[in-house]
Amino acid sequence: MFISSQSSAPSFRDFTLVMPAVAVGNVGQLAVDLIVSTLNMSRVGHIHTDCLIPMAGNNPYASSKEDGEELHTPAEVYAAAELKLAVLQIRAPILQSKTKKFRQLLVSWIKSSGFSRTVVLSSSHAYQRDDQQLQGIPLRYLVTPSLLKGSADALKELGWREMERVPAFPGLTDGNTEPRLCIPGGGITKGLYTDSCKEDLPLAVLLVFCSEGDNIPDAFALANHLNDWLHLLDDNSKQPNKWKIPTSWSLLFGNGIPPALF
Amino acid sequence: MATFFGEVLSVYSRAVEEDDDELDENEEDEQIRRELEEKREVHLHWSPEVSESLKSGNKLQCSNFVLAVGQNASSFLSVHILSTANWDTIGRASAWNERSRAVTGQSCEESACVFYRHKDNPTVLICQVSCYIAEDQLFQWTEKVFDCLQHRELNVTVLSDTSVADYKTADYLGGSSAPFLRSLHTSAFGDQPVCQSLEQPNIVTGLPAAVLNHCQVHRISAVVYQCYSDVIGPDSVTMETYKPVLTKLGRSIQLDLSPSTDALRKFVRTTDLQSNLYI
């Protein structure tokens, strides 16, 4: 359930929604962190639900001491009205028994908010790729028929690769089985996509094949990939790294080294 | 995962399970799932007087709600606050999960999550939680408990403890730094916390997080004091760290600032017996 953190409920009509799927390597969530932190987006509300494991922390995007003390919850919505962009960040795993309920909640919220399109940032196990998926860049996309209607030309221009369907029984040449969509390690990605197809929702999935470890490079790749399409950052800046890393990314590999070691 | 030096570590995988609801669930599976869900439900058992008033639509009048989660925090309340004998037991919460003991644990479960009310000032409530509440029960527990409380002018204080191993810092934590206290509060909290705020990238999880989330979205004033301790089990040094919080609470609650050693010993001794590491 969406709860506004301001006095009046924000309007998301014709906004683009970008959200992560909690998936292998947390790449989608990291990429969303980059977007929120770089565009300096402001929080407009929370998704308060029993489908997520509770967690709380201080401001993950704090830039100074003053704005550090601000409570943040497992699922929050950020907005940049001038870009007509809304971002949903999910910071906690989804309870295994409630994934279906969570998907339904998201789909009905997206529908009622009137977003013009939704982009899901996700990832999939690199080791489960088949031969055709191993070729070329590790980034793939999926779009629902409803989004394809309006964005077919733009997608063609980008030259992206669509996520390949894999044969249901690899190695068997049975003409009767149709290749199927398979996103191992992608969490709710596939379910959300198929739900959106059924509900005629304009939704795209951008995903990256990755392994667990230091997934920061994957997050940059995914965020850049999204930027090629949505142009969130101006292209004039030719700096190698135009994204701003949030403060909450510190100490990913544990604490400082004990001085007594040396 | 193998480290730089070649040892193989078993790490918590961030990879998530496949969405498996495409598999056709038969009726029996569904029934088992439903029954399990019913069994895992959180139940509140109030005293006859309280449940009577709740039934007639009157929520519990509450100005201060103090919640202690974990052994150190709840022992601290037992020693410093509940020992003054000014408290009535008004109810308890029960939650069955995979860590609940089968039959013998009946009494243990009953005493694991208890609500107390001050005799002279009935708007002060205390809850001690020393049992494990599973991840899927946290949200429900919070909803159910706060549904019984009057939200106006409500101040929530949560005392919680966790291991210092969960604390992330760029500086090296020497042996003398633990135990220490960190705070996290909702936007509606107008007071000054008694200790430093919890630094990013540290987070709070479990029941304290569930309470904070609930209070944040419902605009209730709440603060969590998280104690990071390097001792397993309750000990008096760790309990000392909560003392500054008492002065804040002292305005509304009568406290026992210097409890007798006997009272302390009762709570600390239990773990001595279990540890045979250095016999």
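Order of the sequence lines sets the chain letters (A, B, ...), proteins ahead of strands, with each chain counted from 1. This is a predicted model, so every value here is computed, not measured.
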> Please give me the minimum heavy-atom distance between A56(A) and A209(B), naming the atom from each residue.
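Closest pair (atom of A56(A), atom of A209(B), distance): N-CB, 3.8 Å.
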> How about CD on Q6(A), more than 12 heavy atoms from neighbouring residues, nucleotides or ligands closer than 6.0 Å, or not?
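Result for CD/Q6(A): enclosed.
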> Within a 6.0 Å radius of atom CD on Q150(B), are there more than 12 heavy atoms belonging to other residues, nucleotides or ligands?
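Buried by this count: over 12 neighbours within 6.0 Å.
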> For N213(B) and P74(A), work out which heavy atoms get closest and say how close.
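For N213(B) versus P74(A), the nearest heavy atoms are ND2-CD, 3.3 Å.
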> As an exercise, state the distance from CZ of R219(B) to OG of S5(A), rounded to the nearest 0.5 Å.
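Interatomic distance, R219(B) CZ to S5(A) OG, rounded to 0.5 Å: 7.0 Å.
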> Counting only non-hydrogen atoms closer than 4.5 Å, can you tell me which residues of residues 194-204 of chain B sit against chain A?
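Residues in range: S197(B), L198(B), Q200(B), P201(B), N202(B), I203(B), V204(B).
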> Let me confirm one number: the CG-CG distance from D50(A) to L138(B), rounded to the nearest 0.5 Å.
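Nearest 0.5 Å value for the CG-CG distance: 11.0 Å.
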> Y167(B) versus chain A, heavy atoms under 4.5 Å apart: side chain, backbone, both or neither?
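When you check distances to chain A, only backbone atoms of Y167(B) fall under 4.5 Å.
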> Calculate, to the nearest 0.5 Å, the distance between atoms CG and CG belonging to L212(B) and L71(A) respectively.
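Interatomic distance, L212(B) CG to L71(A) CG, rounded to 0.5 Å: 5.0 Å.
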> Considering only heavy atoms and a distance below 4.5 Å, find which of T186(B), D171(B), T142(B), T169(B) pairs most often with chain A.
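It is T169(B).
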> At a heavy-atom separation under 4.5 Å, does Q140(B) approach chain A through its side chain, its backbone, both, or neither?
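Contact with chain A is absent: no heavy atom of Q140(B) under 4.5 Å.
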> Does the side chain of Q216(B) come under 3.5 Å of the side chain of H48(A) through a donor N or O and an acceptor N or O?
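There is no such pair (donor and acceptor under 3.5 Å, judged by atom type) between the side chains of Q216(B) and H48(A).
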> Give the member of I3(A), T49(A), L251(A) that has the highest number of heavy-atom pairs under 4.5 Å with chain B.
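Maximum pair count with chain B is reached by L251(A).
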> Using a cut-off of under 4.5 Å on heavy-atom pairs, state which of N58(A), T73(A), L52(A), I94(A) scores highest against chain B.
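Maximum pair count with chain B is reached by N58(A).
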> Looking at E98(B), I'd like to know if its CD atom is crowded, meaning that more than 12 non-hydrogen atoms belonging to other residues, nucleotides or ligands lie closer than 6.0 Å.
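Yes.
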> Roughly how far, to the nearest 0.5 Å, is OG of S187(B) from CD of E69(A)?
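Rounded to the nearest 0.5 Å, the CD-OG separation comes out at 11.0 Å.
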